[in-house]
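Here's the structure we're looking at; comments come further down.
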Amino acid sequence: MRVLIVYAHPNPGSFNHAMLEHCSLGLQEAGHEVRVKDLYAEDFDPVLRASELAVLQQGKIPEKIAHEQEALLWADGLVFIYPLWWFDRPAILKGWFDHVLTNGTAFEYSQEGVKGLLTHQRALVLITAGGSEDYFRKTDAEHLIYRPVTDGTLAFCGIADVHHRIYYNVPGQSDEGRAAILAEIAELGRNFAC
């Protein structure tokens, strides 16, 4: 399977980057072809400008967006790795979705309503959070962490098989706890197509 990993963390020394490395390794060990979009390293501009939106509304795809869509449509599977910032994905990743998941490519409108057009076999969303699992459960906020991406974006665009993992209290994890998370992520990569 061809798998695109979209990664959004500005620090190459971060735990999120270690997650990227372990996921990529697990996928490759399972025989998948892997490409990585490191949005910060690529200096991706997340702002969808009025001029770009006007071109999109004319049914044309600006070169910058076409390049990103080529990467998206190359893949059979998708993995997203990012930290939770203010109960959402980093702005750079939200901007990537705004640019890439366009009408006519990721979805379309009809008299029956919206139809998702993405045919990826599966997607996996890996999120790190600074707060404890108990905090998110007590505040009934756990679903706010993943649903904007899993349901509101990927499933909306037609991907039926979307999974997620949230890794809580990452700053407070012991070395053993972090090693266990990374081992789990490598295993998720190895079992991605199962």
Side-chain angles (χ1 to χ4, degrees), residues 1-44 46 71-72 75 77-97 120-155 159 161-194:
M1 183 183 297
R2 295 188 304 260
V3 181
L4 177 68
I5 302 176
V6 182
Y7 169 72
H9 196 292
N11 182 357
S14 69
F15 186 69
N16 275 253
H17 198 274
M19 292 169 57
L20 167 65
E21 292 170 346
H22 281 74
C23 184
S24 182
L25 181 63
L27 288 163
Q28 290 171 14
E29 287 174 350
H32 301 295
E33 185 179 351
V34 178
R35 289 186 185 171
V36 175
K37 286 210 67 59
D38 183 337
L39 298 179
Y40 282 97
E42 294 175 14
D43 200 24
F44 178 77
L72 172 73
L78 301 169
V79 177
F80 297 90
I81 301 172
Y82 61 90
L84 183 71
W85 287 353
W86 301 114
F87 281 76
D88 205 347
R89 64 209 116 168
I92 199 167
L93 179 56
K94 175 63 169 68
W96 188 84
F97 284 128
H120 297 79
Q121 294 175 30
R122 76 177 350 201
L124 175 63
V125 179
L126 303 174
I127 306 167
T128 56
S132 69
E133 184 173 1
D134 188 50
Y135 164 77
F136 288 103
R137 298 238 168 142
K138 278 184 181 177
T139 57
D140 196 32
E142 184 178 30
H143 65 282
L144 295 174
I145 297 174
Y146 63 87
R147 289 198 64 203
V149 174
T150 59
D151 300 359
T153 304
L154 301 174
I159 304 174
D161 190 6
V162 180
H163 300 271
H164 73 277
R165 292 283 194 286
I166 305 165
Y167 298 99
Y168 297 98
N169 191 26
V170 170
Q173 289 286 335
S174 65
D175 289 344
E176 294 79 13
R178 287 175 179 241
I181 291 170
L182 295 177
E184 177 182 315
I185 289 170
E187 190 65 18
L188 288 171
R190 284 189 285 274
N191 294 319
F192 184 77
C194 297

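Residue numbers run from 1 in the order of the sequence given. Any value given below was found using the heavy atoms of this structure, including those in side chains, with hydrogens, waters and symmetry copies removed.
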> Taking only residues two or more places apart in sequence or in another chain, which ones pass side chain to side chain donor-acceptor pair (under 3.5 Å) with Lys37?
Replying inline: Glu42, Glu68

> Are any of the side-chain heavy atoms of Tyr167 and Ile185 separated by less than 4.5 Å?
Replying inline: yes

> So do the side chains of Phe97 and Leu154 get within less than 4.5 Å of each other, counting heavy atoms only?
Replying inline: yes

> Rounded to the nearest 0.5 Å, what separation is found between the CD1 atom of Ile127 and the OH atom of Tyr168?
Replying inline: 8.5 Å

>> Measuring centre to centre across the rings, with the benzene-like ring taken for any Trp, is Tyr82 within less than 6.0 Å of Tyr40?
In response: no

> For Asp151, which residues count as a salt bridge (charged side-chain N to carboxylate O under 4.0 Å, His left out) partner, sequence neighbours excluded?
Replying inline: Arg147

> Do other residues, nucleotides or ligands put more than 12 heavy atoms under 6.0 Å from Asn11 CG?
Replying inline: yes

> Atom OG1 of Thr128 and atom CG of Leu84: how far apart are they, to the nearest 0.5 Å?
Replying inline: 7.5 Å

Which donor-acceptor pairs under 3.5 Å do the side chains of residues 26-36 make with protein atoms, sequence neighbours left out?
unit_1, atom_1, unit_2, atom_2, d
Gln28, NE2, Ser24, OG, 3.2
Glu29, OE1, Arg190, NH1, 2.7
His32, ND1, Met1, N, 3.4

>> Tell me whether the NZ or CZ atom of Arg178 lies within the 45° cone about the ring axis of Phe15 and under 6.0 Å from its centre.
In response: yes

> Can you check whether Phe80 reaches Val162 side chain to side chain, under 4.5 Å on heavy atoms?
Replying inline: no

> CG of Asn169 to CZ of Phe136: how many Å apart, nearest 0.5 Å?
Replying inline: 10.0 Å

> For the residue pair Ala91 and Pro46, what are the closest heavy atoms and their distance?
Replying inline: O-CB, 3.7 Å

>> I want to know whether Tyr7 and His17 have ring centres closer than 6.0 Å.
In response: yes

>> Could you measure the distance from the CG atom of Leu39 to the CD1 atom of Ile92? Nearest 0.5 Å is fine.
In response: 5.0 Å

>> My understanding is that only one of Val170, Leu126, Leu188, Val79 makes a side-chain contact (heavy atoms from CB on, under 4.5 Å) with Met19; could you say which?
In response: Leu126

> If every non-hydrogen atom of Pro10 is compared with every non-hydrogen atom of Trp85, which pair is closest and at what distance?
Replying inline: CD-CH2, 3.8 Å

> Would you call Leu72 and His120 a side-chain contact if the rule is heavy atoms closer than 4.5 Å?
Replying inline: yes

> Any idea which heavy atoms bring Asn16 and Pro83 closest together, and the distance?
Replying inline: OD1-N, 3.3 Å

>> I need the minimum non-hydrogen distance between Ala71 and Leu4, along with the two atoms involved.
In response: O-CD2, 3.7 Å

>> Can you tell me how far apart CG (Leu20) and CD1 (Ile81) are? Round to the nearest 0.5 Å.
In response: 5.0 Å

